[in-house]
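Notes follow the structure.
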Number of protein chains: 2
Amino acid sequence: MSGPTRIPGRVPAAPPTLADVAERAGVSRQTVSNAVNNPELLRPDTLTRVQEAIAELGYLPNRAARNLRTRSSHLIGLRFSPAQEGTANATMDRFVHSLVETSREAGYHVLLFSGDPRDPLAGYDDLLRSTAVDAFVVTDTYLGNPQARWLETRRAPFVAFGRPWDKPDAPHAWVDVDGAAGCELATTHLIERGHRRIAWIGWRKDSWIGEDRRAGWTRAMRAHGLATTGLASRVEDTVHSGRSASAVLLDEADPTAFVCASDTLAMGVLHTLEERGRTPGRDVAVVGFDDSQVAQVVRPGLTSVRQPLEQVAVEIVEALSGLLGHPPRPPRQVLLTPTLALRGSS
Amino acid sequence: MSGPTRIPGRVPAAPPTLADVAERAGVSRQTVSNAVNNPELLRPDTLTRVQEAIAELGYLPNRAARNLRTRSSHLIGLRFSPAQEGTANATMDRFVHSLVETSREAGYHVLLFSGDPRDPLAGYDDLLRSTAVDAFVVTDTYLGNPQARWLETRRAPFVAFGRPWDKPDAPHAWVDVDGAAGCELATTHLIERGHRRIAWIGWRKDSWIGEDRRAGWTRAMRAHGLATTGLASRVEDTVHSGRSASAVLLDEADPTAFVCASDTLAMGVLHTLEERGRTPGRDVAVVGFDDSQVAQVVRPGLTSVRQPLEQVAVEIVEALSGLLGHPPRPPRQVLLTPTLALRGSS
DNA sequence: TCCTTCGACTGGAACGATCCAAGCCGGACG
DNA sequence: CGTCCGGCTTGGATCGTTCCAGTCGAAGGA
């Protein structure tokens, strides 16, 4: 009398369970469990017998049961925000892929969730309370990050992609890319190319990231004894702002090169140059930030600071497995250095 | 003697369980379960009492336990492939966000996994056998799709984003965007603008999607009694190919407009025009496909066929809940019509 | 010989939810 | 007044795994 739910052929055959494997291998359930999780506990001959049974039945542990027993889901929650329309930002795509890939190697999967963009906490609470994820990767830390503080009080494991700007010595784990170093790299590259009047177009002053990137430009200029006065502009992150800011700068300070806080702004500069009949890369150099697809396909190719997102993912997963390990390792803070993708615009 | 694992304050307090709620409300576990899943079975006063207890304790059902019992995870698996470097393709980002959003409304979460790009089946099997996901969304159907056939034999619920080109009457559920209609829309738009010699740059003949889009161009041309001979080119999906193909076409057929199978190819056309000192939109019109970020920020704005990805996501989730419902609804096939995002290039 | 130690394996309990069959209770009916 | 019925409620079993406390037999020491 097999139960009415298992009629092979009609209903998809139920996947084999530990008990099925145990029966086939002539051992107990626990032994099969050990064969899977602690193979060194078994005598070699028993181990191979069990492994054969596993292979023959195509057994794979049931996630739900394992999760229930171990109180962990081996899932990492990531709030997925799409790139804004009309900008060149495309970090998420590359980052998410790297994260998925790296997580897999560490035995984790990535669970996406969404939330009201106006409420940074939306979504986190439910997943946590229903024990749906083991940890979070928090990405949108650009304006303070209430998420981090909230997760800390909830004692929920998480790693932030982005520094806690509002509280630099916050103890939680984070991984970030040194935007200042990136812009310094870009500026130095331009100086080496012979440029002296290098302008900066960045974001409004309340953007920590923007100010950080700007500091890289300042640092490089100062290091080479070059003046920065009158050469900086701070605007919204749109193509249009980049265009008008560069037009003003060209009129007032006649720079021979631009370093921008984003590819979006850099595109604005390219627009201005085109309007004025000046060739990017020959007449005026332009460097963007993020190495977006736009930078790669636009003429003549936009030199851009490229974040090492693959390595960011590796470090994040490393930090996560530290937090979730037994015993847990203390949270780490990692700052990575970006590279410069050289193209025709410089 | 509370067990050693629950020392409030030191260890994060364990989330409340069904039993905790039951005790507080003075009812049995089953009653609480009913309050959550079948509230209409309870007497109104009992219901409110239970709901108060739930609210006070902040109870949320444990996912693992629920999954184990109901043999479903409320997770949808999606194999996440990143956009290729050097192209303008950016469909995934927008689509994934829409999917996450729509799934949430239907009570599902999206689980990302990755796989060897050379092995289209990698990843699916493990998730299925370990009952980690309830269903899949299959996206990369551009060259036949072994995934679909394989999932069918496994009787695994899935919805494809993309038609089964190699087997048009395959019974599985799919949602797709009518690329032919999109290119017809684009071509007709150009014809209305007065263009007569409109060239096509598409993908190699073995691309079903490419041939479908091309058919839209042909259809519009024929409908207006315009010749197509010598006006079509089929190449790889790279900016470089688009550039050289358009150069050849300009030399040999002198078209006044281009319709391209992708924004990447359209960017190639823009490059050629710029090299030759001809202004896109004024001298020669260009239309791309996908409404990528590139199309949005490049000068003078690239007119492009925009896939209704938000609606695709809605239809996919609709189809999924059909497949997973009780009783399941038969698989649906849905073809959506894209729109045209008008910009300066046409 | 007997006791201890140790490695290999076993059976029962538990994780926290849902399904199932049975129980309780008040009202209607004979 | 007893019985039946239907609406609510209940306790027990169950999903498939891992944890825990043991059992068993062989080896080693006194």
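Quick note on labels: first sequence line is chain A, next is B, and so on, each numbered from 1. Reckoned from all heavy atoms, side chains included, excluding hydrogens, waters and symmetry mates.
Contact annotation: A:S33 reaches the phosphate of D:dT18 (side-chain N/O to OP1 or OP2, under 4.0 Å). Taking only side-chain nitrogens and oxygens, A:R66 comes nearer than 4.0 Å to OP1 or OP2 of D:dT18. One finds no side-chain N or O of B:T17 lying less than 4.0 angstrom from the OP1 or OP2 phosphate oxygen of C:dG16. Phosphate contact (OP1/OP2 of D:dC8, side-chain N/O of B:T46, threshold under 4.0 Å): absent. Contact check, A:T70 against C:dC15: no side-chain N or O comes under 4.0 Å of OP1 or OP2.
A straight line from CD of A:Q30 to C1' of C:dA14 spans 13 Å, rounded to a whole angstrom. With rounding to whole Å, B:L60 atom CG is found 11 Å from C:dT18 atom P. The distance between atom CG of A:L42 and atom C1' of C:dT10, rounded to the nearest whole Å, is 13 Å. If you take CZ of B:R63 and P of C:dG16, they are 16 Å apart, rounded to a whole angstrom. One interatomic measurement links the two molecules: CZ of B:R69 to P of D:dT17, which rounds to 15 Å at whole-angstrom precision. In this entry the distance linking CZ of B:R43 with P of C:dC25 reads 12 Å, nearest Å. C:dA17 atom P lies 13 Å from atom CZ of A:R129, rounded to whole Å. Rounding to whole angstrom units, CG of residue A:N38 and P of C:dA8 are separated by 13 Å.
Comparing atom distances between the A:R71 side chain and each of D:dT17, C:dC15, D:dT9 picks out C:dC15 as nearest. Nearest nucleotide to the side chain of B:Y59, out of C:dC9, D:dC15, C:dA17: C:dA17. For B:P61, the side-chain atoms get nearest to C:dA17 when compared with the rest of C:dA17, C:dT10, D:dG16.
Heavy-atom distances to DNA chain D give each of B:T31 and A:N62 a nearest nucleotide, and the one nearer the 5′ end belongs to B:T31.
Environment of CD in B:Q51: crowded, with over 12 heavy atoms of neighbouring residues, nucleotides or ligands closer than 6.0 Å. A 6.0 Å sphere centred on CD of B:E318 holds more than 12 heavy atoms belonging to other residues, nucleotides or ligands.
For the residue pair A:N62 / B:T131, a side-chain donor-acceptor distance below 3.5 Å is found, with atom types taken as modelled.
Between the side chain of B:R29 and the base of D:dG12, a donor-acceptor pair under 3.5 Å is found.
The backbone N or O of B:S72 sits nowhere less than 3.5 Å from a side-chain atom of B:D134 that would complete a donor-acceptor pair.
Using a 4.0 Å heavy-atom cutoff across all strands shown, B:N37 reaches sugar-phosphate atoms only and no base atom.
Electrostatic pairing of B:R104 and B:E101 counts as a salt bridge here, judged by a charged N lying under 4.0 Å from a carboxylate O.
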